Undergrad: 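Quick one: structure below, then a few questions.
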Protein chains: 2
Amino acid sequence: MATPRRSRRAERGPDTVHRVAKSEETRSLIVATAMRLFSEKGYDRTTMRAIAGEAGVSVGNAYYYFSAKEQLIQGFYDELSHQHLTASRQALEGEPDFGTRLKTVLLTWLDVARPYHRFGTQFFVNAADPESPLSPFSVDSTAAREASIGLMREVIESSDVKLDQELREELPGLLWLYQMGIVLFWVHDRSPHTKRTRMLVERSVPLIARLVGLSRLRVLRPVSREITSLIRDLAKQD
Amino acid sequence: MATPRRSRRAERGPDTVHRVAKSEETRSLIVATAMRLFSEKGYDRTTMRAIAGEAGVSVGNAYYYFSAKEQLIQGFYDELSHQHLTASRQALEGEPDFGTRLKTVLLTWLDVARPYHRFGTQFFVNAADPESPLSPFSVDSTAAREASIGLMREVIESSDVKLDQELREELPGLLWLYQMGIVLFWVHDRSPHTKRTRMLVERSVPLIARLVGLSRLRVLRPVSREITSLIRDLAKQD
DNA sequence: CGGTCGACTTGAACACGTTCAAAAGATCGT
DNA sequence: ACGATCTTTTGAACGTGTTCAAGTCGACCG
């Protein structure tokens with residue numbers, strides 16, 4: 001790493017509202033070229049010089065638009081989550097069962113992400129850095145995160161699942177966390193066609209559904225209460 | 001990253017059994033210097049040239065002993081897990097309550113890891129790469145992982161917790177996974193003194209303990225069964 | 001028209017992790 | 001003592017991500 005790092009976000013003047021329309025063209029040309037090369041040769045093996053060269057701009061110019069190579073990945077995330085959202089919504093149509101809905105969302109993600117598994121893991125590594133804007137927990141990812149959590153909310157709300165108000169509010173966040181776990185497993189999954197991840201989804205979703213259903217049971221009520229309360233308290237400060 | 005990557009493990013002749021005693025000195029001098037500089041200036045800001053310079057060897061020589069800068073972190077992990085194991089065993093002495101034992105192990109880890117939180121996160125990022133030998137799931141980490149899981153087994157076995165055979169076998173692995181989750185949270189925790197992680201431990205451990213206790217309940221029996229069965233099936237192939 | 005200002009563009013230069021051919025020691029059989 | 005063979009050591013050189021002083025271009029003002 002020949003990087004000074006820690007040079008995040010000093011910019012962002014009052015011009016955040018409007019993007020300059022003119023250079024948007026160059027910008028998207030660069031990101032498109034980058035995405036193509038990434039999927040052809042992988043992240044590590046694609047050099048900034050190659051990206052700039054193929055896009056017909058200078059290296060310095062690429063850095064005028066993107067403050068780091070890593071930031072080019074953002075385009076990948078955006079594309080992926082957009083595809084996931086629309087494909088999921090379509091697949092959810094008319095399905096009332098909570099478990100089936102949850103499974104659909106997760107399997108849809110696996111389908112959408114499939115083409116990127118080969119090289120995608122290199123992307124996701126960057127996301128593990130707490131300092132990185134690419135981290136799913138970062139402030140910069142707020143929009144994408146909210147969208148994903150919103151999808152989980154839809155999974156719950158249009159289903160026939162019964163649960164008390166408290167859990168209903170916190171469950172989307174918990175399910176999103178669960179999904180992050182699945183993604184983590186997927187990244188490490190080396191089985192053909194990521195068969196093991198599919199198995200994990202197929203069999204863990206019914207477990208989740210069962211537990212959610214049982215949460216209203218007298219014995220589990222305090223547990224469920226404490227979980228939601230804990231989540232809230234953790235979210236408080238910071 | 002100026003790295004070709006993917007050059008892991010081609011070495012390892014039949015000489016793995018014995019280390020040559022002679023150069024062990026240079027080797028440990030390098031790793032000691034590296035650890036010192038890492039904790040002084042952080043991982044990213046410590047250059048291989050600086051490490052080699054301070055250790056009084058050439059850059060190339062450092063690479064004769066360690067195939068990459070990343071590999072120098074291994075020393076950090078070894079140190080950390082050794083400290084954790086011994087400190088935990090001592091703290092566990094004579095304590096029969098399962099929840100208390102589990103909490104002790106986790107809080108001990110937080111104590112031991114505390115000095116490294118400032119820079120340590122940079123270490124843990126590397127561990128997220130599935131290809132990296134530093135990943136807690138990698139083959140290279142088997143020994144350390146087994147040791148940690150073994151500690152969780154001790155937590156269970158010398159406690160008064162009641163659980164059926166099946167879960168007793170798989171629970172250590174599950175608890176280790178739980179611990180990895182705590183570590184992940186810790187890495188992202190920016191609260192003073194990682195107060196939030198401590199809160200998470202203090203309040204999630206009783207939940208775990210409660211759930212483990214409830215697992216023998218009639219309604220939860222199938223859930224518990226399916227979890228252990230799933231874990232086993234996932235471990236099968238590969 | 002001249003001039004100024006801001007957005008954009010350039011490519012050489014920098015610092016870094018890593019490699020490698022070559023040199024220097026070390027060990028050992030004869 | 002001498003070569004042979006292995007281990008250890010060296011530092012220049014390479015490819016990389018990133019920076020920056022300098023340039024180009026267009027729009028707008030007088």
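Computed from a predicted model, the values in this text were never measured in an experiment.
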Undergrad: Can you measure B:Arg27 atom CZ to D:dT7 atom P for me and round it to whole angstrom units?
TA: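 Roughly 15 Å, once rounded to whole Å.
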Undergrad: What integer distance in Å separates A:Leu29:CG from C:dT9:P?
TA: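 It is 11 Å, rounded to the nearest whole Å.
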Undergrad: Could you pull out all residues at least two apart from B:Glu146 that satisfy side chain to side chain contact (heavy atoms under 4.5 Å, CB included)?
TA: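 Residues passing side chain to side chain contact (heavy atoms under 4.5 Å, CB included) with B:Glu146: B:Thr142.
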Undergrad: Report yes if at least one side-chain N or O of A:Asn61 is closer than 4.0 Å to OP1 or OP2 of C:dC8; otherwise report no.
TA: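 Negative; the distance criterion is not met.
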Undergrad: In whole Å, I'd like the distance from the CE atom of B:Met48 to the P atom of D:dG11.
TA: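 These atoms are roughly 15 Å apart.
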Undergrad: Give the rounded distance in Å between these two atoms: OH of A:Tyr63 and P of C:dA7.
TA: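 After rounding, the gap between these two atoms is 23 Å.
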Undergrad: If you assign A:Tyr43 and B:Arg49 each to the DNA chain D nucleotide with the nearest heavy atom, which residue ends up on the more 5' nucleotide?
TA: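 This one resolves to B:Arg49.
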Undergrad: What's B:Val59 touching, base or sugar-phosphate or nothing? Going by heavy atoms closer than 4.0 Å.
TA: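 Since a base atom lies under 4.0 Å of B:Val59, the category is base.
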Undergrad: What nucleic acid atoms does A:Tyr65 come within less than 4.0 Å of, heavy atoms only: base, sugar-phosphate, or nothing?
TA: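 Counting heavy atoms under 4.0 Å across all strands, the contact made by A:Tyr65 is with sugar-phosphate only.
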Undergrad: With distance as the sole criterion, is a donor-acceptor pair present between the side chains of B:Ser141 and B:Tyr77 under 3.5 Å?
TA: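 No, no side-chain donor-acceptor contact under 3.5 Å.
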Undergrad: How would you list, by chain and number, every residue that makes a side-chain hydrogen bond (donor to acceptor under 3.5 Å, both in side chains) with A:Thr228, sequence neighbours excluded?
TA: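 Scan of A:Thr228 (side-chain hydrogen bond (donor to acceptor under 3.5 Å, both in side chains), adjacent residues dropped) gives A:Glu166.
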Undergrad: Would you check if there is a donor-acceptor pair between the side chains of A:Ser148 and A:Gln179 at a distance under 3.5 Å?
TA: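 Per modelled atom types, A:Gln179 and A:Ser148 side chains form no pair under 3.5 Å.
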Undergrad: Can you tell me the distance, in whole Å, between the CD atom of A:Glu70 and the P atom of D:dT16?
TA: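 Those two atoms, CD and P, are 19 Å apart.
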Undergrad: Starting from the 5' end of DNA chain C, give me the residue, B:Lys69 or A:Ala62, whose nearest nucleotide shows up first.
TA: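 With B:Lys69 and A:Ala62 compared, the 5'-side residue is A:Ala62.
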Undergrad: Roughly, in whole Å, what's the span from OH in B:Tyr64 to C1' in C:dA24?
TA: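 So the two atoms are 13 Å apart, to the nearest Å.
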Undergrad: Mind calculating the distance between CD1 (A:Ile30) and P (C:dT9) to the nearest angstrom?
TA: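 Rounding to the nearest Å, CD1 of A:Ile30 and P of C:dT9 are 8 Å apart.
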